[in-house]
> 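Before anything else, here's the structure in question.
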Amino acid sequence: QVQLVESGGGLVQPGGSLRLSCATSGFMFTRYTMRWYRQGPGKEREAVAGITTLGTTINYIDSVKGRFTISRDNAKSTVYLQMNSLKPEDSAIYYCAAIGLGWGQGTQVTVSS
């Protein structure tokens with residue numbers, strides 16, 4: 001059974017940091033590009049960052065470049081999203097996805113003073 005479980009969300013002040021994790025099981029993690037998405041209130045879901053199977057290609061949306069870092073640990077079948085210098089507009093439910101396979105349930109990130 002394919003499972004993707006996000007964790008690490010929470011409430012943080014502007015300028016703060018969070019590290020999201022997405023632990024996976026039930027599929028060959030090393031064969032899949034992984035991506036983090038987010039959906040803010042009243043907004044469409046958007047892709048935030050992606051990383052290919054060996055981490056050789058990484059991309060970000062412009063609004064998070066220089067602040068967010070995606071990484072993966074293939075030995076642990078886990079993908080991460082380090083988020084620094086958080087802004088209120090980063091508030092959203094963050095989801096991880098194995099491209100073409102499935103989604104996690106999401107973790108809430110709220111950036112507020």
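This chain uses plain numbering: 1 for the first residue, then up along the sequence.
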> Looking at Asp62 and Lys65, is there a salt bridge between them, counting it only when a charged N and a carboxylate O are closer than 4.0 Å?
yes

> With side chains defined as the heavy atoms from C-beta onward, is the minimum distance between Pro14 and Pro88 less than 4.5 Å?
yes

> Is Ile93 reachable from Val111 through a run of I, L, V, M, F, W or Y residues, each pair having side-chain heavy atoms under 4.5 Å apart?
no

> Arg38 and Ser63: which non-hydrogen atoms are nearest, and at how many Å?
NH2-OG, 3.5 Å

> If I compare all heavy atoms of Tyr37 with all of Ala97, which pair ends up nearest, and what's the gap?
CE1-CB, 3.8 Å

> Using 30° and 60° as the class boundaries, would you call the ring planes of Trp103 and Tyr95 parallel, tilted or perpendicular?
perpendicular

> Test of understanding: clusters of I, L, V, M, F, W, Y form through side-chain heavy atoms closer than 4.5 Å, transitively. Do Val2 and Phe29 belong to the same one?
yes

> Where is the tightest heavy-atom contact between Arg35 and Ala47, given as atom of each residue plus distance?
CD-CB, 3.7 Å

> Angle class for the Tyr32/Phe27 ring planes (parallel below 30°, perpendicular above 60°, tilted otherwise)?
perpendicular

> Is there a continuous path of hydrophobic side-chain contacts, each under 4.5 Å between heavy atoms, that joins Val5 to Leu81?
no

> Does Glu6 reach the main-chain N or O of Leu20 with its side chain, forming a donor-acceptor pair under 3.5 Å?
no

> Give the cluster check for Met83 versus Ile61: same hydrophobic cluster or not, with ILVMFWY residues linked at side-chain heavy-atom distances below 4.5 Å.
yes

> Between Tyr94 (side chain only) and Gly8 (backbone N and O only), is there a donor and an acceptor less than 3.5 Å apart?
no

> Apply the side-chain contact (heavy atoms from CB on, under 4.5 Å) test between Arg72 and each candidate in Ile51, Thr24, Ile58; give the one that qualifies.
Ile51

